[in-house]
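What follows is one structure encoded as structure tokens, with my remarks underneath.
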Amino acid sequence: MEEKMDTIFDLRNVSYSYLGKIEALKDITIKINRGEQVTIIGSNGSGKSTLLAVLNGLVYPTAGDFFAFGHPVTEEVFDSIKENKFRTYFRTKVGFVFQNSDIQLFSSTVFEEIAFGPLQLNIPLEEVKARVEDIIEMMQIAKLRDRAPHTLSGGEKKKVCIATVLVNNPDVLLLDEPSAGLDPRTQLWLIELLRELSHAGKTIITATHDLEIMDMISKRSIVMGEDHRIKLDDTPNRVLSNYELLMESNLVHEHMHIHGKLVHEHLHDHDAGHTHVHLKS
Ligand SMILES: Nc1ncnc2c1ncn2[C@@H]1O[C@H](COP(=O)(O)OP(=O)(O)OP(=O)(O)O)[C@@H](O)[C@H]1O
Ligand SMILES: [Mg+2]
């Protein structure tokens with residue numbers, strides 16, 4: 001029983017294919033425990049977003065079993081129109097930030113967008129307003145408060161999406177490429193935010209292409225191969241030092257070199273030899 005409590009997500013031989021033919025996940029077996037921070041890396045189309053969609057109960061394994069909080073997540077449980085306690089529990093515990101912000105934003109102002117989730121949970125209006133104000137301040141988006149979300153820049157939209165999830169104070173955060181399209185200062189701010197949330201005991205699962213942030217936001221990295229299988233499930237450092245695997249999984253290219261935690265890119269210029277671009281130091 002104890003063990004069950006600590007295991008938040010348990011996937012056993014999970015496969016998923018879209019429309020019964022486009023393979024996205026193959027034979028995925030992983031457990032994710034409460035309070036863990038995990039990054040998922042892999043090339044385009046390897047299955048990262050699909051894995052997060054399974055974890056968020058948006059799609060159901062075509063083969064294998066998925067348990068969340070010790071409870072099976074199946075279409076029967078999740079898609080039934082009938083009110084159902086487990087689904088409500090799941091939805092209050094798990095927050096999802098989509099890779100594409102436009103899917104997530106639909107209100108007429110940023111303020112309403114952030115207030116929507118808590119209002120759905122029947123929280124009193126005054127409390128909702130106070131929570132939204134707190135989140136707006138924390139996310140440093142006060143100047144966007146009355147803007148229409150669809151008119152925001154990509155990075156601004158991303159921040160609002162993160163705010164709409166954090167305002168519900170979920171225990172588990174599923175983030176699909178949260179740092180993509182953010183400027184360096186905003187990226188750093190996001191990393192710090194994720195570290196604070198980690199210290200607060202949140203379980204955070206982040207799909208990313210950004211090898212540099214892996215060890216800053218996680219202690220465990222799952223590498224998805226182009227065959228949609230897990231290639232390695234280990235510490236970020238051990239993943240980063242496995243150059244062959246990174247090459248084979250299309251995560252680095254031949255001009256990129258990783259020395260310890262340092263990622264170098266050799267941009268070959270045939271006249272001037274090559275330059276080192278320090279992606280991280
Ligand atoms: N809605 C969909 N319908 C059909 N096929 C899909 C759908 N979504 C994803 N796929 C396919 O499933 C596979 C896995 O896609 P997924 O989006 O999970 O990859 P990803 O690792 O998140 O890629 P990226 O790095 O580009 O975000 C790909 O072959 C993709 O074309
Ligand atoms: Mg994706």
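Every number for a ligand or one of its atoms is a count from 1 in the order of the listing. The structure presented is a predicted model; accordingly, all values stated were derived computationally and were not measured.
- The side-chain contact (heavy atoms from CB on, under 4.5 Å) test applied to T92 returns L121, not counting sequence neighbours.
- Residue contacts with ligand 1 do not include M224, since none of its heavy atoms lies under 4.0 Å from the ligand.
- Side-chain contact, K202 with N169: a donor N or O sits under 3.5 Å from an acceptor N or O.
- The only member of I41, D234, L211, V252 that meets side-chain contact (heavy atoms from CB on, under 4.5 Å) when paired with L240 is L211.
- Heavy-atom contacts of Q99 reach the following atoms of ligand 1: 27 (O) (cutoff under 4.0 Å).
- For the pair S43 and ligand 1, a heavy-atom separation below 4.0 Å is found.
- Under the 3.5 Å distance criterion, the side-chain polar atoms of Q104 are matched with a main-chain donor or acceptor of F96.
- Under the side chain to side chain donor-acceptor pair (under 3.5 Å) criterion, R91 pairs with N56, sequence neighbours left out.
- Taking the six-membered ring where the residue is Trp, the centroids of F116 and F106 are separated by under 6.0 Å.
- Annotation for ligand 1: atoms under 4.0 Å from non-hydrogen atoms of A24 are 12 (O), 13 (C), 14 (C).
- Looking at ligand 1, you'll find an N or O of K48 within less than 3.5 Å of one of its N or O atoms.
- Protein heavy atom nearest atom 17 (O) of ligand 1, with residue, atom name and distance: S49 CB, 3.7 Å.
- Within the 4.0 Å heavy-atom shell around ligand 1 one finds S46.
- The contact set between ligand 1 and H209, taken as ligand atoms under 4.0 Å from a residue heavy atom, comprises 25 (O).
- With 3.5 Å as the limit, one finds no donor-acceptor pair spanning the side chains of D10 and T7.
- Within the sub-2.8 Å shell of the Mg ion (ligand 2), the protein contributes these N/O/S atoms: S49 OG, Q99 OE1.
- Taken from CZ in F9 to CD1 in I32, the straight-line distance is 7.0 Å, to the nearest 0.5 Å.
- Taking CD1 of I114 as the start and CD1 of I135 as the end, the distance is 7.5 Å to the nearest 0.5 Å.
- Of the protein's non-hydrogen atoms, the one nearest atom 31 (O) of ligand 1 is I22 CG2, 4.6 Å.
- Here the heavy atom of the protein found nearest to atom 26 (O) of ligand 1 is N44 ND2, 3.0 Å.
- Residues forming a side chain to side chain donor-acceptor pair (under 3.5 Å) with Y18 (at least two apart in sequence, or on another chain): T50.
- Within ligand 1, counting atoms from 1 as listed, the ones closer than 4.0 Å to a heavy atom of T50 are 14 (C), 15 (O), 16 (P), 18 (O).
- In terms of protein heavy-atom proximity, atom 28 (C) of ligand 1 is nearest to G45 O, 3.6 Å.
- A salt bridge links K231 with D227: the closest approach of a Lys/Arg side-chain nitrogen to an acidic carboxylate oxygen falls below 4.0 angstrom.
- In terms of protein heavy atoms, atom 6 (C) of ligand 1 is closest to Y18 CD1, 3.3 Å.
- For F66 and Y60, the ring centers are positioned 6.0 Å apart or more.
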